[in-house]
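We count residues from 1, following the sequence as given.
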Amino acid sequence: MVNIIGVRFRNAGKVYYFDPKSYEIHSGDHVIVETARGIEYGTAIGGVREVEDDKVVPPLKEVIRMATEEDDAHALRNREKEREAMRICREKIQKHGLEMKLIDAEYTFDNNKILFYFTADGRIDFRELVKDLAAIFRTRIELRQVGVRDETKLLGGIGICGRVLCCHSYLSDFAPVSIRMAKEQNLSLNPTKISGVCGRLMCCLKNEEETYEYLNSRLPGQGDTVTTADGRTGVVQNVNVLRQRVKVLFEEGEDKELEEFDVADLTFRPRRRKEKNGKGKDRDKEKDRDRESRRSRFGSAETQEEKELRELEALERKEGKPKRNND
């Protein structure tokens with residue numbers, strides 16, 4: 001076992017481990033540490049704790065010192081300088097006529113480097129921009145292209161739930177989100193309803209995925225044949241996932257009767273749990289089969305549902321890869 005302290009450098013940023021040495025560090029304390037980018041000012045998360053050796057990537061760097069009042073003042077001055085750096089960089093971007101959107105600027109604690117975050121539709125030749133910025137700030141310049149999810153994480157905002165965005169408040173990393181999660185939760189497949197501020201599928205679809213997978217695995221599917229405790233056979237018309245209730249249609253000649261049962265009172269063949277790490281080709285084949293099935297029912301023309309699914313699939317594939325360049 002080894003003692004570690006988790007340190008975060010940005011709001012809702014990734015947590016990195018450091019050796020606390022003999023310092024008594026508590027959650028929320030500011031510390032000075034050495035990283036690959038140089039000397040940094042960070043915030044301790046959770047206090048000192050023990051973890052297994054295999055959970056730490058060696059070498060484990062040490063905390064240099066607890067942050068002093070001078071360090072706090074220096075970090076505050078850096079925040080003010082970042083606003084000025086943003087203004088200057090925007091002017092230079094406009095001067096060079098570059099099709100890029102500046103998102104944020106960040107000084108390292110030792111002022112050894114300035115990082116500028118931006119979004120763009122494609123590759124940008126910003127070599128001349130880097131030269132201009134380096135001449136003004138007299139330090140290393142790094143321009144980093146980020147995707148729309150990262151942009152939203154940096155800028156923040158309010159989600160459709162009325163709360164601060166998860167990615168800006170507590171999510172350290174983006175979890176993979178798929179259309180299957182929305183289907184599993186019986187949500188509308190309208191892209192405008194299940195997409196976040198960033199335009200991608202909402203991260204919160206991941207939150208209840210396992211619960212819905214388990215509950216759905218205990219229920220029959222619509223159209224399945226079930227048998228009641230008194231031996232009657234009927235067809236499932238509707239299911240309530242959270243209440244675990246099933247509406248069954250019974251037909252006797254021309255008479256039809258709809259009754260609701262608890263799933264424990266019915267006998268049926270249970271559905272198989274979906275594999276989490278299924279092959280991409282299998283998922284594509286399943287999507288193709290769904291399309292063919294819909295077209296056979298509604299004709300060769302693309303249906304509204306199929307159009308929405310196609311848009312959602314495009315959202316899944318869209319995610320810009322970060323690019324960077326140094327002076």
Side-chain angles (χ1 to χ4, degrees), residues 4-20 25-47 57 60-68 71-90 100-119 133 137 139-159 163-175 196-198 200 203-204 319-326:
I4 59 95
I5 181 69
V7 177
R8 180 174 282 164
F9 301 103
R10 295 184 69 85
N11 184 42
K14 187 175 180 180
V15 177
Y16 296 90
Y17 292 154
F18 293 87
D19 180 356
I25 305 174
H26 304 285
S27 180
D29 289 346
H30 297 300
V31 294
I32 305 299
V33 296
E34 183 181 358
T35 70
R37 297 195 315 189
I39 305 301
E40 289 283 16
Y41 172 93
T43 304
I45 305 296
V57 179
L60 187 64
K61 294 189 176 182
E62 298 178 342
V63 172
I64 296 175
R65 65 176 184 273
M66 299 290 292
T68 63
D71 293 327
D72 294 337
H74 182 67
L76 186 59
R77 286 195 299 271
N78 280 351
R79 302 290 86 79
E80 295 172 354
K81 290 165 65 177
E82 286 168 1
R83 289 193 287 270
E84 178 65 14
M86 284 277 289
R87 183 188 64 78
I88 294 173
C89 188
R90 284 198 180 100
M100 55 191 288
K101 177 184 177 184
L102 187 63
I103 302 301
D104 197 12
E106 179 185 5
Y107 266 92
T108 57
F109 181 74
D110 55 8
N111 296 150
N112 189 44
K113 182 194 292 186
I114 311 176
L115 295 94
F116 293 96
Y117 299 90
F118 72 94
T119 58
L133 295 175
F137 295 107
T139 187
R140 293 184 62 197
I141 304 295
E142 180 177 326
L143 271 74
R144 184 174 298 179
Q145 185 171 352
V146 299
V148 290
R149 285 184 182 239
D150 297 290
E151 175 187 1
T152 305
K153 182 180 180 69
L154 289 170
L155 297 179
I158 303 296
R163 298 175 65 91
V164 176
L165 297 175
C166 299
C167 60
H168 185 69
S169 56
Y170 73 90
L171 277 184
S172 298
D173 298 301
F174 293 110
V197 175
C198 61
R200 304 291 186 262
C203 295
C204 57
E319 187 57 39
K321 296 182 180 180
K323 302 179 181 67
R324 66 188 68 179
N325 187 36
N326 297 327

Distance check, rounded to the nearest 0.5 Å: [X] atom [atom1] versus [Y] atom [atom2]?
X: L143; Y: L133; atom1: CG; atom2: CG; answer: 6.5 Å
X: M100; Y: C89; atom1: CE; atom2: SG; answer: 6.0 Å
X: T108; Y: N78; atom1: OG1; atom2: CG; answer: 7.5 Å
X: C198; Y: R149; atom1: SG; atom2: CZ; answer: 5.0 Å
X: K61; Y: F18; atom1: NZ; atom2: CZ; answer: 7.5 Å
X: R90; Y: L102; atom1: CZ; atom2: CG; answer: 5.5 Å

- Message: Let's go through E34 and E62 carefully: what are the C-alpha distance in whole Å and the side-chain angles of both, what is the deciding distance for side chain to side chain contact (heavy atoms under 4.5 Å, CB included) to 0.1 Å, and is it a yes or a no?
- Response: CA-CA 8 Å; E34 183 181 358; E62 298 178 342; over 6 Å; no
Just by modelled atom types, is the [Y] backbone N or O under 3.5 Å from a matching donor or acceptor in the [X] side chain?
X: D71; Y: T68; answer: yes
X: H74; Y: F109; answer: yes
X: T139; Y: N112; answer: yes
X: E82; Y: Y107; answer: yes
X: K153; Y: G13; answer: no

- Task: Check step by step if side chain to side chain contact (heavy atoms under 4.5 Å, CB included) holds for I25 and V63.
- Result: CA-CA 10 Å; I25 305 174; V63 172; 4.2 Å; yes
Does the side chain of [Y] come within less than 4.5 Å of [X]'s, by heavy atoms?
X: F116; Y: I103; answer: no
X: Y16; Y: T35; answer: no
X: L165; Y: T152; answer: yes
X: T43; Y: V7; answer: no
X: R65; Y: V31; answer: no
X: F118; Y: V146; answer: no
X: D29; Y: M66; answer: yes

What heavy-atom pair brings [X] and [Y] nearest, and what distance separates the two atoms?
X: L171; Y: C203; result: CD1-CB, 4.0 Å
X: G6; Y: V15; result: CA-CG1, 3.6 Å
X: F9; Y: G42; result: CD2-CA, 3.8 Å
X: S172; Y: K14; result: CB-CA, 4.1 Å
X: S27; Y: G46; result: OG-N, 3.4 Å

- Query: Hey, are S169 and R163 close enough side-chain-wise for a donor-acceptor pair under 3.5 Å?
  - Reply: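 No.
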- Does a donor on one side chain sit under 3.5 Å from an acceptor on the other, for D72 and Y41?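 Their side chains do contain a donor-acceptor pair, which is all the 3.5 Å distance test asks for.
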- Evaluate the side chain to side chain contact (heavy atoms under 4.5 Å, CB included) criterion for residues L60 and Y17: first the C-alpha distance (whole Å), next the side-chain angles of each, then the deciding distance (0.1 Å), finally the verdict. CA-CA 7 Å; L60 187 64; Y17 292 154; 4.0 Å; yes
- Query: What do the steps show when you test R87 against E84 for salt bridge (charged side-chain N to carboxylate O under 4.0 Å, His left out), and what is the final call?
  - Reply: CA-CA 5 Å; R87 183 188 64 78; E84 178 65 14; 2.4 Å; yes
- Query: Does the pair I39 and I32 meet the rule for a side chain to side chain contact (heavy atoms under 4.5 Å, CB included), with working shown?
  - Reply: CA-CA 7 Å; I39 305 301; I32 305 299; 3.5 Å; yes
- Message: Here's a test for you: under salt bridge (charged side-chain N to carboxylate O under 4.0 Å, His left out), which of R37, K81, K113 qualifies with E106?
- Response: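 By the salt bridge (charged side-chain N to carboxylate O under 4.0 Å, His left out) criterion, E106 pairs with just one of R37, K81, K113: R37.
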- Query: Should the pair R10-D104 be classified as a salt bridge under the 4.0 Å nitrogen-to-oxygen rule?
  - Reply: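 Salt bridge flag = yes for D104 with R10.
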